Amino acid sequence: MGFSSFSMTLLLFSLFFLSINGQDLIYNTCKTSSQQDPNVDLQFCITSLQAAPASHCADLKGLGMISIRLTRYNITDTRCYIKRLLNNATKILDPYVKSCLDDCFEVYSDAILDIKQAMKSYISKRFFDANIQISSVMDATTTCEDGFKERKGVVSPLTKRNDATFQLSAITLSIMNILQSSLK
Ligand SMILES: *[C@@H]1O[C@H](CO)[C@@H](O)[C@H](O)[C@H]1NC(C)=O
Ligand SMILES: *[C@@H]1O[C@H](CO)[C@@H](O)[C@H](O)[C@H]1NC(C)=O
């Protein structure tokens with residue numbers, strides 16, 4: 001496919017996205033996102049976006065903001081959960097697991113700063129910056145998860161959470177891709 005036909009496809013694609021609403025917009029966005037990134041589960045995406053307040057009235061830009069907000073809640077909640085695991089006096093942690101959780105706490109603390117910056121970048125349409133900041137949130141989740149994998153027999157207590165945050169971030173990246181191609 002030549003460059004111009006590729007641009008044309010993108011353009012039609014974008015017009016399509018910018019002209020539909022509500023339910024269909026969520027479905028189409030999730031469909032695209034799950035195609036662009038195999039880590040994104042279509043059903044997870046739809047369920048998450050549909051459950052968010054006002055998502056049915058949102059346009060694509062609004063949906064992106066909703067997805068960033070969901071990511072931020074996820075990160076904040078997981079950081080709090082890690083803290084509770086570390087401070088749980090009734091449960092003596094394996095030293096290796098404890099060191100992994102310490103690392104996760106650190107990367108999640110940084111991820112909170114990144115997602116706050118991403119929100120600002122997104123609002124002011126600095127998608128390039130937002131992209132870097134969201135990617136760094138994704139890196140945080142994989143860094144956290146990979147720590148537990150380095151030792152046999154250790155099970156990460158954060159797999160589901162890391163996965164949810166990763167997927168929400170990937171959804172945001174897809175939405176920004178579509179928005180960016182529509183601005184060109
Ligand atoms: C993360 O976000 C998803 C989608 O909103 C939600 O289903 C899940 O419960 C959240 N997890 C945490 C730990 O906040
Ligand atoms: C602390 O650990 C115990 C034992 O695993 C568990 O039952 C309890 O729910 C934990 N408390 C918190 C606050 O996580």
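Position 1 is the first residue of the sequence, and the numbers go up from there. FYI, side chains are in, hydrogens and waters are out, and symmetry mates aren't considered; it's all heavy atoms of this structure. Order of appearance sets the numbers: ligands from 1, and atoms from 1 within every ligand. Predicted, not measured: the structure shown is a model, and the values here were computed from it.
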Atoms of ligand 1, numbered as shown, that sit under 4.0 Å from any heavy atom of [X]:
| X | result |
| --- | --- |
| Asn74 | 1 (C), 2 (O), 3 (C), 8 (C), 10 (C), 11 (N), 12 (C), 14 (O) |
| Asp77 | 13 (C), 14 (O) |
| Arg161 | 13 (C) |
| Leu168 | 2 (O) |

_I'd like to know whether Asp146 forms a salt bridge (charged side-chain N to carboxylate O under 4.0 Å, His left out) with Lys149, so could you lay out the CA-CA distance, the side-chain angles of the two residues, the decisive distance to 0.1 Å, and finally the verdict._
CA-CA 5 Å; Asp146 286 350; Lys149 286 184 191 150; 3.4 Å; yes

*What distance separates Ser48 OG from Leu70 CG, expressed to the nearest 0.5 Å?*
6.5 Å

*About how many Å separate CG of Leu173 and CD of Gln180, when rounded to the nearest 0.5 Å?*
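Reported to 0.5 Å precision, the distance equals 9.5 Å.
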
_Starting from atom 4 (C) of ligand 1, what is the nearest protein heavy atom, named by residue and atom, and what distance separates them?_
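It is Ser48 OG, 3.3 Å.
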
_For atom 5 (O) of ligand 1, the protein heavy atom that lies nearest, with its residue and separation_ = Leu70 CD2, 3.7 Å

*Quick one: look at Thr47 and ligand 1, take heavy-atom pairs under 4.0 Å, and tell me if it's side chain, backbone, both or neither.*
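It is neither; nothing of Thr47 touches ligand 1.
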
*For atom 9 (O) of ligand 1, is some protein heavy-atom partner under 4.0 Å away?*
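So atom 9 (O) of ligand 1 lacks protein heavy-atom neighbours under 4.0 Å.
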
*Indicate, with yes or no, whether the SG-to-SG separation of Cys45 and Cys30 is under 2.5 Å.*
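Correct, these two cysteines form a disulfide.
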
*Steps toward salt bridge (charged side-chain N to carboxylate O under 4.0 Å, His left out) verdict (Asp77, Arg161)*: CA-CA 9 Å; Asp77 196 79; Arg161 287 165 177 270; 3.0 Å; yes

*Does CD in Glu145 sit with more than 12 non-hydrogen atoms of other residues, nucleotides or ligands closer than 6.0 Å?*
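Buried by this count: over 12 neighbours within 6.0 Å.
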
